[in-house]
Structures are given as C-alpha cells and as structure tokens.
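These notes concern the structure reproduced below.
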Amino acid sequence: MILKIENLVKKFGQTKGISGLSFSVKKGEILGLLGPNGAGKTTTIHIILGVLESDSGVISVFGKDIKHQRKNIMKEVSFSAGYAQLPGNLTVWQNLYVFGLLYGVKGLKHRINFLLKEFRLEYLAHTKSGVLSSGEQTRLNLAKALINSPQLLLLDEPTAALDPNTAQTIRQKIKNYVSLNGAGVLWTSHNMHEVEAVCDRVLFLSHGKILLEGDPRKLPVEYEKKNLEELFIAIANETSFY
C-alpha cells in the first residue's frame, strides 16, 4: 500500500472540512478524488503534505506513520497543482535544479535535461518562470513534481490550464510513469472526461465524507447515468444543501 488514511478529521472552527475520511492508494493505482468545491479534496492533500494539521486520524505512506517519519517519507512524495506557481525570478532550469537539490536527486543535470525534453520545455530552459504562460507554468510544475521520481504523486487539478491536446499528452505521460515505476497517484479534477481517461478508481466526496466509490467507467451505469459528469452533477445537486 502506497498511501493509507484512517478516520481523518479536520475542523475549521465548528465546521468539519474532513469528517472521518478513510481510503487507500495501492501501488500502480491512480485514485481520483472527486467532489464539488469545498468537498475536502484539497484539504486532504494539504494534510498529507503537512501544510495543514489534522485534528485526528492516521496517515501512513509506504507503511510509515507520516507524523513520526515525515522527513524520510517526503523524499519519495511530490505534488503538483494548477494554482501552485514556482518562484518567478528563477528560470525554468534553475527551478528544477533547486528542487532537485532539495530532494538530493542523483545525476541531477541529466534528470533535468530529460524532463525538459519530456515536457517540451527545452526552448524555455533559460526563461524566467514568472513570464511563462499558464500552460507553460503547468508543464514546469509537473516536471518539478517528477524531479525526484516519486512513489506517491499528489495532483490537484494538474491539467486545468492546459489546452486539450497538451492535457491529453500530459495525462498519457503520467499514466506511463505510473506503469513503469509502480507509483501511486491521488488525482483531483473537475474534468470528468479526464477522470474517466486516467483513474482506476474514484471517490466522490461531499462535506469531507465519501459518498460513492468505484470504477469511473462503471459507476454511471450502476446509477443509471449517461456518464461520469452526469453522475457528478446529480450528486452535487443532492448534497449541496446538506
């Protein structure tokens, strides 16, 4: 098991952002975390990363309790989000170099050159990231996320700023990475076509609780919906006033 979360609780004042959440991500699995805004998706990722502290619950990564062994665990964990920008005064190459140093990546220059080519960033290597387009910044963020060859990859709306063609290419690259390296991925998205294309399993969250779980290609049929987007809308409408 790559990631295991048990009875996770996070309160914001009197409101529970996460309410007894439990799930796991297996080796080689891409798990989709779905739900409307405020469902608890990003909060869950931020707790795993240590940006937020949970009120209770246990998170283990590679079978190790993250509260007690975070330093060692995080060497093999990485994160990318459409909203997370890298230092704009550093060039594309410098950003990858700095993060590679932080992770202690061996053969770092070779790794950087590989990722620049993989994400079509070679011609931008010496451009400051602050002047990149949103799509270029997204590709850089994904390259950064793979700099340490992570075994757990946390992706929060990773392709939100990409055009359909580039997004499809990136999705395939991540799927290939998982297949070749046996990594586990926790992936949030509001793009249900994307979820159907990449995720092996999905969890529907509402108010920090799991409502549905299953294969994204089979769940709509089970609930007599045309597709995953129709199922998402139905769930969101039913739970928005709870």
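One-based numbering along the sequence shown. Below, each value reflects all heavy atoms present in this structure, side chains not excepted, and no hydrogens, waters or symmetry copies.
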Atom pair CG/CG of L152 and L3 - distance to nearest 0.5 Å:
5.5 Å

Please identify each residue that fulfils side chain to side chain contact (heavy atoms under 4.5 Å, CB included) with N181, with sequence neighbours left out.
Q151, Y177

Do L90 and V105 share a hydrophobic cluster, counting only Ile, Leu, Val, Met, Phe, Trp and Tyr and linking them when any side-chain heavy atoms are less than 4.5 Å apart?
yes

What's the shortest heavy-atom distance between A183 and P150, and which atoms?
CB-O, 3.7 Å

Does one hydrophobic cluster hold both V58 and M74, with members joined at side-chain heavy-atom distances below 4.5 Å?
no

Taking all atoms of both residues into account, what is the closest heavy-atom pair of T127 and Y123, and its distance?
OG1-O, 4.4 Å

With rounding to the nearest 0.5 angstrom, report the CG to CZ distance, N141 to F99.
8.0 Å

Does some side-chain heavy atom of T188 sit less than 4.5 Å from a side-chain heavy atom of L34?
no

Residues forming a salt bridge (charged side-chain N to carboxylate O under 4.0 Å, His left out) with E29, sequence neighbours excluded
R201

Which pairs with one or both residues in residues 99-120 pass salt bridge (Lys or Arg N to Asp or Glu O under 4.0 Å), sequence neighbours excluded?
E118-K173

To the closest 0.5 Å, what do you measure between CG (L211) and OG (S206)?
5.0 Å

In the structure I gave you, are the side-chain heavy atoms of Y103 and L101 within less than 4.5 Å of one another anywhere?
no

Just by modelled atom types, is the E53 backbone N or O under 3.5 Å from a matching donor or acceptor in the K10 side chain?
yes

Are L86 and L102 grouped together when hydrophobic residues (ILVMFWY) are joined by side-chain heavy atoms under 4.5 angstrom apart?
yes

Are V185 and L31 side-chain neighbours, meaning at least one heavy-atom pair lies under 4.5 Å?
no

Just to verify, what does D163 make a side-chain hydrogen bond (donor to acceptor under 3.5 Å, both in side chains) with, not counting sequence neighbours?
T166

Minimum side-chain heavy-atom gap E213-V202 below 4.5 Å
no

Nearest-0.5 Å distance, CG of residue L115 to CG of residue N113:
9.0 Å

With no hydrogens and no angle check, is any side-chain donor or acceptor of H190 less than 3.5 Å from a backbone partner on G35?
yes

Please check if the side chain of K175 supplies one atom and the backbone of V198 the other of a donor-acceptor pair under 3.5 Å.
no

Over all heavy atoms of both residues, which pair between A143 and L121 is shortest? Give the atoms and the distance, please.
CB-CD1, 4.2 Å

The test is side chain to side chain contact (heavy atoms under 4.5 Å, CB included); show your working for I170 and F119 and say whether it passes.
CA-CA 8 Å; I170 294 300; F119 288 93; 3.5 Å; yes

With Q137 via side-chain hydrogen bond (donor to acceptor under 3.5 Å, both in side chains) - residues at least two apart:
Q85

What I'd like to find out is whether the side chain of L153 reaches to under 4.5 Å of the side chain of I30, using heavy atoms alone.
no

Using the rule given for side chain to side chain contact (heavy atoms under 4.5 Å, CB included), can you reason through I45 versus V51, listing the C-alpha separation, both sets of side-chain angles and the distance that settles it, and then say yes or no?
CA-CA 9 Å; I45 287 178; V51 176; over 6 Å; no

Any N72 side-chain heavy atom under 4.5 Å of F62 side chain:
no

Sidechain-backbone polar pair: T91 side chain, H126 backbone, donor-acceptor under 3.5 Å
no

Look up atom SG in C199 and atom CG in L33, then write down how far apart they are to the nearest 0.5 Å.
9.5 Å

Is there a path of hydrophobic side-chain contacts, each under 4.5 Å between heavy atoms, that joins W187 and F204?
no

Tell me which donor-acceptor pairs under 3.5 Å the side chains of residues 221-236 have, and how far apart each pair is, sequence neighbours excluded?
| from | atom 1 | to | atom 2 | distance (Å) |
| --- | --- | --- | --- | --- |
| N227 | OD1 | E229 | N | 3.2 |
| N227 | OD1 | E230 | N | 2.8 |
| E230 | OE2 | K226 | N | 3.3 |

Tell me, with the steps shown, if N95 and Y97 meet side chain to side chain contact (heavy atoms under 4.5 Å, CB included).
CA-CA 5 Å; N95 265 296; Y97 186 72; over 6 Å; no

Which heavy atom of L108 sits nearest to which heavy atom of L96, and what is that distance?
CD1-O, 4.3 Å

All side-chain hydrogen bond (donor to acceptor under 3.5 Å, both in side chains) counterparts of Q172, not counting sequence neighbours
N176

Not counting sequence neighbours, which residues clear side chain to side chain contact (heavy atoms under 4.5 Å, CB included) with A81? List them please.
F79, Y83, A84, D156

Do L155 and I174 pass the side chain to side chain contact (heavy atoms under 4.5 Å, CB included) test, and can you show the C-alpha distance, the side-chain angles, and the key distance before you say yes or no?
CA-CA 10 Å; L155 301 177; I174 294 172; 3.7 Å; yes

Counting N and O atoms only, with roles assigned by atom type, does the side chain of D55 sit under 3.5 Å from a partner on the main chain of K11, one being a donor and the other an acceptor?
yes

Roughly how far, to the nearest 0.5 Å, is CD1 of I18 from CG of N7?
12.5 Å

Looking at side-chain heavy atoms only, is the closest gap between I5 and S22 below 4.5 Å?
no

Could you list all the salt bridge (Lys or Arg N to Asp or Glu O under 4.0 Å) pairs where at least one residue sits in residues 185-200, not counting sequence neighbours?
R171-E194

Verify same cluster id: I59, V9 (apolar side-chain graph, 4.5 Å):
no

N/O donor-acceptor pair under 3.5 Å between S54 side chain and G57 backbone
no

Quick check: do L205 and I210 have side-chain heavy atoms less than 4.5 Å from each other?
yes

Heavy-atom nearest pair, S129 first then L140, reads CB-CD2, 3.7 Å

List in chain and number order the residues that pass side chain to side chain contact (heavy atoms under 4.5 Å, CB included) with T138, two or more places apart in sequence or in another chain; answer none if no residue qualifies.
L142, A161, L162

Ignoring hydrogens, what is the shortest heavy-atom contact between L154 and V77? Give both atom names and the distance.
CD1-CG1, 4.2 Å

Holding to side-chain hydrogen bond (donor to acceptor under 3.5 Å, both in side chains), I want the full list of residues that pass it with D65, two or more places apart in sequence or in another chain.
H68

Residue set satisfying side chain to side chain contact (heavy atoms under 4.5 Å, CB included) with K64, at least two apart, ordered chain then number -> Q69, I73

